[in-house]
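The basis for the numbers below is simple: all heavy atoms, side chains too, and nothing from hydrogens, waters or symmetry mates. Since this is a predicted model, take the numbers as computed values, not measurements. Lettering of chains follows the sequences in order, A, B, ..., and the numbering in each one begins at 1.
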Amino acid sequence: MTTKLSNAQIAWRAAQDIADGTYVNLGIGFPEMVAQYQPPGRQAVFHTENGILNFGESPAEGHEDWDLINAGKKAVTLNAGAAFFHHADSFAMVRGGHLDVAILGAYQVAENGDLANWSTGPKGVPAVGGAMDLVHGAKRVAVITDHVTKDGKPKLVKCCTLPLTGVGCVTRVYTSLAVVDIKGRRFVLREKLPTLSLEALQAQTGAELLIDGPVADLIVPEL
Amino acid sequence: MTTKLSNAQIAWRAAQDIADGTYVNLGIGFPEMVAQYQPPGRQAVFHTENGILNFGESPAEGHEDWDLINAGKKAVTLNAGAAFFHHADSFAMVRGGHLDVAILGAYQVAENGDLANWSTGPKGVPAVGGAMDLVHGAKRVAVITDHVTKDGKPKLVKCCTLPLTGVGCVTRVYTSLAVVDIKGRRFVLREKLPTLSLEALQAQTGAELLIDGPVADLIVPEL
Amino acid sequence: MDKTIGHLAEAVAKIGDSATVMIGGFGGAGSPIELIHALIDRFHATGSPKNLTVVNNNAGNGHVGLAALIEHGMVRKLICSFPRSSDPRVFTEKYLAGEIELELVPQGTLAERIRAGGAGIPAFYTPTAYGTHLADGKVIAEFDGQPYVRERWLKADFALIKAHAGDRHGNLTYSKAARNFNPLMCMAAATTIVQVSRIVEPGEIDPEHVVTPGIFVQGVVEVPDPQQEEVLNRAGAHYP
Amino acid sequence: MDKTIGHLAEAVAKIGDSATVMIGGFGGAGSPIELIHALIDRFHATGSPKNLTVVNNNAGNGHVGLAALIEHGMVRKLICSFPRSSDPRVFTEKYLAGEIELELVPQGTLAERIRAGGAGIPAFYTPTAYGTHLADGKVIAEFDGQPYVRERWLKADFALIKAHAGDRHGNLTYSKAARNFNPLMCMAAATTIVQVSRIVEPGEIDPEHVVTPGIFVQGVVEVPDPQQEEVLNRAGAHYP
């Protein structure tokens, strides 16, 4: 019996909401997995902010071209119809509202849509990359994340306590337990694991989960 | 005996100050003549703000390609090493300080470097084109012009009375009678026709001509 | 993904009354004459679209393309830098009669405002037009001791663009100086419709040579032998 | 016109102490490793240049290229968006020891600030970083009811760039995603020095395919088989 989704399963669930022909940016790391789970017959166009549209899978080891990398600096390949462009054009795509969806990781998401995903505080070397740009402009900014931190604290919170990446930018959160929309500065529950009670879910969530319409079962295949 | 230079001769004189390898924008109309009088062994690179660097002469009649035009919408050709680019990149070249010199026509130039060359007043249809952009950014903004208007009024003036194109932007004026620099918000005479007295020149000039160093004879071949 | 559209009429079918429409081209080069004429055809048939705000460097020449659009009374306002041409009668007469509004913008500022619209930059500062009538009423600020004029982005509901080759993803190349405003306008419109001389397979345009990536394009229609404004005008053409 | 330079040493000879230097590349792609190493060689021989301000997306990786430049103590300040890598030890240690200053800029803002520097735009507004620490102390303004952060242009004394083909006029093409910041940095530096894999005759690069027109380039030096940072780091290389 599933008690929580794996990262692959969260990525799979997020991938189901990506229509054919959608322009998508996947954040570095965990969000990159979403590309693997596109439903048959759908083909999104993936954007990487370092300057490629319509890149494809990773090349076989030993066949990397180090001029052909994604924002995570991993080697990629190209699909037919790809294009290269410089960073200013690339972030024009991001900031100018041309991407349909950006899917990002998170340390915390607040019920007003605030996102914290770039810094865990003043210690160490700060690094932001394209995170603060990606939360602006995409028509839809979704987050994929475990529902709670490694030590069991809620990641869906009333107010972010970590340094913000963007203000009021997140519209949907896919977690290991649920799918939650952000609407009118509130969390609205859309789907939850069928084995999980609403009370148990609420107990692991840092702000109230509103019910506004049906709550579907979150059913994801074994992967 | 030359009493005033022809437009071709003014253009010739301006061309002598263009070094080899200089990036040059020539205003529409009369300034375009400057390109014909480059001294042997020198080759400037001409920029046209509609998006070509290193264009060449006009094609023979009947051989025009109407996708290959200059800012005056006349057909041109390309030199080896030419490049096409869009308008934002083209005006980045202009505004960003990448052109070595822009040579423009004028209705009036003031002793403080103000230029009026786009509008003769509120009548008719106003049209500005790239004039206001070209006066900013080029390392040197030169004007070529008759010394006086058709009805004998000075074009080098104390203050422009016509609508301004740019403020304090002109650095040198080549006229039908003289070469005048603008330095410290004053006209400084550099060259004049040898047959013309300083008094006669001053009488046709709307602000004082300073003498600061030698005044050379303005000698231009018959063209 | 297939952004190709079969017919010119279909390509311009969604442009409504009072829309803001960017029209590509600098003079005739890059001007989507066939798309403009399809829009005029629709106006003849249905009375729409009208009251358009049009963004173009110029105001048309002769009696074809943009000049014909203006001549048919479809344009309420023009945002442009140089409303003169060898034959500007159509615009001039309407302007002097007070039948069309003009927002005059320096050419480089026009290009940069359109780019800003496409790039999500709501405003920027430029030295251009400082101290001139065209800066009247605008915010002025000093940076490093120099004065600059604040300019706003420019966006549109639609862009009508002429390109050379295009694939069904919307990737585009242009022909020579017909590039001009066109890649910028593709970025700045909610819906960008492009006429291309040739539709090619995805991948036929080398990814290094794509000038407008498909993300900026919503529709592509093939017009194999596009007309040139200059040639039409030399022949004294009127549309329709 | 001939902008070609015979030797790497000559190409970097004029970069002085305390210069601001933009260094191309995103990670290893487009990073001008040979030009950087030539600069390190000069520092070894002469003690100059030092106290550099470097603009790059990253802070180097391993012990070659930008990381080696930092490791040799030549960099006083870094303006970048992501000073992490698979092996960021060089920067991390200097930063935590207070030996290097960091200006952290969101990646898109960094790109746009560099473009603005090249395009004569002293400041612009962006939604990026609004409401975050990275907007602290910056001017905020509202446009159409939305808040934006004002950002300043970024210019440099020198840019060190890696390109693919280049001619003696300075026209350039790039290799795939090695394009990244490089065309922007070419625009924003007073003196842009480019290492190219291949010098070609003017005209060999199709005017339609020129990515950086020569007007933005001051020097071109041929480095036929440029090293890749990723390959060097996998081999555990240290420079020199």
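- At a 4.5 Å heavy-atom cutoff, A:Asn79 makes no contact with chain C through either its backbone or its side chain.
- Here A:Arg42 contributes atom CZ and C:Met1 contributes atom CE; the two are 13.5 Å apart, rounded to the nearest 0.5 Å.
- Contact annotation for C:Arg115: only side-chain heavy atoms (C-beta onward) come within less than 4.5 Å of a heavy atom of chain A.
- Residues C:Ile121 and A:Arg95 come closest through the heavy atom pair CD1-NH1, 3.7 Å.
- Annotation for C:Tyr130: atom OH does not count as buried by contact number, only 12 or fewer foreign heavy atoms lying within 6.0 Å.
- Residue contact with chain C, scored on non-hydrogen atoms closer than 4.5 Å, involves the backbone and the side chain of A:Leu99 alike.
- Here the closest non-hydrogen pair linking A:Gly81 and C:Asn171 is O-ND2, 2.9 Å.
- Taking a 6.0 Å sphere around NZ of C:Lys14, one finds it holds 12 or fewer heavy atoms contributed by other residues, nucleotides or ligands.
- Counting only distance, with no hydrogens or angles, the side chain of A:His98 and the backbone of C:Gly118 share a donor-acceptor pair below 3.5 Å.
- Contacts with chain A (heavy atom to heavy atom, under 4.5 Å) involve these residues of residues 185-221 of chain C, listed by number: C:Met187, C:Pro202, C:Gly203, C:Pro207, C:Glu208, C:Val210, C:Pro213, C:Gly214, C:Ile215, C:Phe216.
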